[in-house]
Amino acid sequence: MTAHSTPAGLFDQHGQPGEPHSSGLLKGLNPEQLAAVTAPQGPLLILAGAGSGKTRVLTTRIAWLLQTGQVSPAGIMAVTFTNKAAKEMLTRLSGMLPINTRGMWIGTFHGLCNRFLRAHHKLAGLPQAFQILDTQDQFSAVKRVIKALNFDEERCVPKQTSWFIANAKDDGKRPGDLVPHDDLSRMQQQVYQAYEDQCQREGVVDFGELMLRTYELMRDHPELREHYQRRFRHILVDEFQDTNRLQYAWLKMFAGRPEVTGSSVFAVGDDDQSIYAFRGAQVGNMSDFEREFKVPRVIKLEQNYRSYGHILDAANTLIAQNTRRLGKNLRTDAGQGEPIRVHEAASDYADAQWIVDEARQLVREGHPLREMAVLYRSNAQSRVIESALFNAAVPYKVYGGLRFFERAEVKHALAYLRLIENPNDDTSYLRVVNFPTRGIGARTMEQLQDAARATGRSLWQSIAAVSGKGGNNLAAFNKLVDGMREATRGLTLREIIEHVVEASGLADFYRLEKEGQERLENLAELVNAAEAFVTQEGFGKDAVALPVDETPGSIAEGLPAAVAQVNTLPDAETGEIISPLVAFLTHAALEAGDNQAQAGQDAVQLMTVHAAKGLEFDYVFITGLEEGLFPHENSMNDADGLEEERRLMYVAITRARKRLHMSFCQTRMLHGQTRYNIKSRFLDELPEAALKWLTPRNQGFGSGFAKSYQDAWSSGRGMGSMVGAGAQPYRQWGGSARSEDSFKDLTAPLPKAMAQAKSEGGLRVGQSVFHNKFGEGVVLTLEGSGADARVQVNFGRHGTKWLMLSVAKLTPIE
DNA sequence: CTTGTGTCTGTTTTT
DNA sequence: CAGACACAAG
């Protein structure tokens, strides 16, 4: 999405957009891009490779359609997956044309659904101020349902069940559409049904529900369907390869049958960058689209404006190993550039150190830190790298993890705000009824929940059913919330939040807490976020009235004003404009916000490969190229999983503009255990000519074997702590490694490589050796032979250790 | 109702 | 190793 600063100004692709004439708009487009942008009405599929100017094509297409008068802003719908992508599109578009982007429907799938459901909330059977459950909320709601149904949580695991429900919705399925095939799925189906009832009662929807309900509303109401189908003459979809079944059906619903509605869908995607199958993405939607919409031709954007040749060669060669592809090869005019620097380290620690060294070298050459990114497969890998960077005083920024609106203190404050709008929101009620504590304990809440369940009412409505002290406290709590609602009536959003933070007792609570300072700051930041939201969304004195829909006879006809972009459409029937508070709460749910405030600071960027999709950097480090990690062991058993891992690797490689670094290590600390890793098969799949090995290839024996061996170096307990097993995944015996029972594992067959290790090791008593962790030592004793060989080594200040020769990595020193 | 202890479980993530 | 969570004791 960020397609600015390109290698050494070699390319003119990302220069300033031309002046607002179509000739200016189209200037600098290559033939394929031009064909895509100026394609005639009708379905179109753009296969856009990484760095091929995808976003530019998408936005220029919209600008061109508008400028040539083929469509009015109201006839455009552009859908993305992330808020970031939607914003980027809007920003670029307003840079190209002096148009008001507000009449267009540009946003994320969920943002547009929200807009739609707010406008038609009566038809959808929702309160106007319906609240949106995020994943956390959804999970706790499901958990509550499982408890209420008295299901065994061992059998009907809440996490799996909430995943099950989300998946069903992504597939467009209601509880009644499911056919249970065993006890578990029968239970899950029941939970789904009860969960759905509960959400409906509380007036809340989860992410999947936003999509599904919009889809169903369109499906079940012909007049609505016809209206929107007629209205959106051009539907543009970004990252089409990431759409799930429901989203594709949703798109078809809005597009209608092209020959009838005349609408055209402009789908842009890259099957090679499909990395979200695990959450329901169907790459197959691309070929389905091509077939079902009778796409006359697929335009391939293969000219890359981002990376140098070696990098692209690596990407192309790698991805060519995937069998199920639409087929595409990236090319560049930029020259080969530097080869990819490949480094093998003895340990994850040494690997991190190497990254720090390389980064410092780049700094010495005058490159800013923000142009360096360290990418890894899983979040757990960031720790070592962080500590190495920290120790070297190199600023860094980690992406991922807890986002702003997901922080506990922020969610607490939001829960109070939600209760002001909708006291029947049980999820919010449960979150803060006793936070800060006000004498409402578990048994009180149990009584309350029982009463609510019995009558089918909300917790808020059921407090009279609880007598005694607990009941009084509950009444006091309801009164507190009522009081807040009264006190904040007519206040600005900022004032509302300030009041609630104080009146709820949250502020006092955190003021007294030792570690509360940061939380207080986050609450202050929440006020800022609200302030920024109000300014940005244009609430306040001079909101401009815009006709939303000009189509005569439509449901939405004559709507008064779209005060703000997506979140604040007026009610379709009453024309009442949603309060800034509801809009802000929606914003908080749909846009979890960045996780770190310190933006703009020059720092090395650390993130998972998934998080890096759509980004680009001059210098990229791909770390942890080890079997079991990347490709991840959970994905490498089936062909589809492996291909997805390869696409992930492809995404990682294509993030780099100028120089790419890849690294792996022989030992890695994971879950408190040392793992021995083989280098990733993906390294072997890269063209040799594009690589520059900084360490000798296949050096030592650590890189070639013993994937799953527990290190045997704990001294003192002698052989009892030595563990060896066949080629089992390490995780199968984590705990037992500490018990004497594991001793018997030593009898398991050992691979040939281990026997070789001994002879190659060529150790003798008195031999000097090097060990990754303990450093230099001297061999004191040799025992056993072959797979059973063990050795006693004196490591000086680290003491004397018994090591399993087949497991510990010892390098002889002459 | 709070606090401490023990157990468990560890991909990827937007909305 | 470390965070989340459940349960028992105070």
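Below, chains carry the letters A, B, ... as their sequence lines are ordered, and counting in each starts from 1.
Separating the C1' atom of B/dT14 from that of C/dG3 is a span of 23 Å, rounded to the nearest Å.
Nearer to the 5' terminus of DNA chain B, by closest-nucleotide assignment, is the contact made by A/N434 (compared with the other of A/N434 and A/A380). The residue among A/H610 and A/T437 whose nearest nucleotide of DNA chain B lies closer to the 5′ end is A/T437.
Side chain A/T135 to base B/dT13: no donor-acceptor pair is found below 3.5 Å.
In this structure, of B/dT2, B/dT11, B/dT12, it is B/dT12 that holds the atom nearest to the side chain of A/F278. Residue A/R383 places its side chain closer to C/dA2 than to any other of B/dT15, C/dA2, C/dA6.
At least one side-chain heavy atom of A/K169 sits less than 4.5 Å from a side-chain heavy atom of A/L212.
A salt bridge is absent between A/K54 and A/D270; no separation between the charged side-chain nitrogens and carboxylate oxygens falls under 4.0 Å.
Among the heavy atoms of the strands, none lies under 4.0 Å from A/L210. Backbone-only engagement by A/Y276 is indicated by non-hydrogen atom pairs under 4.0 Å involving sugar-phosphate atoms exclusively.
For the salt bridge (Lys or Arg N to Asp or Glu O under 4.0 Å) with A/E626, the qualifying choice from A/R668, A/K679, A/R681 is A/R668, the only one to do so.
The side chain of A/N379 places an N or O atom within less than 4.0 Å of a non-bridging phosphate oxygen (OP1 or OP2) of B/dT12. Taking side-chain N and O atoms only, A/R403 has no distance below 4.0 Å to OP1 or OP2 of B/dT13. At the phosphate of B/dT13, neither OP1 nor OP2 sits under 4.0 Å from any side-chain N or O atom of A/K84.
Distance CD (A/Q247) to P (B/dT14): 14 Å, rounded to an integer number of Å.
Side-chain atoms of A/Q247 come within 3.5 Å of backbone N or O of A/N244 as a donor-acceptor pair.
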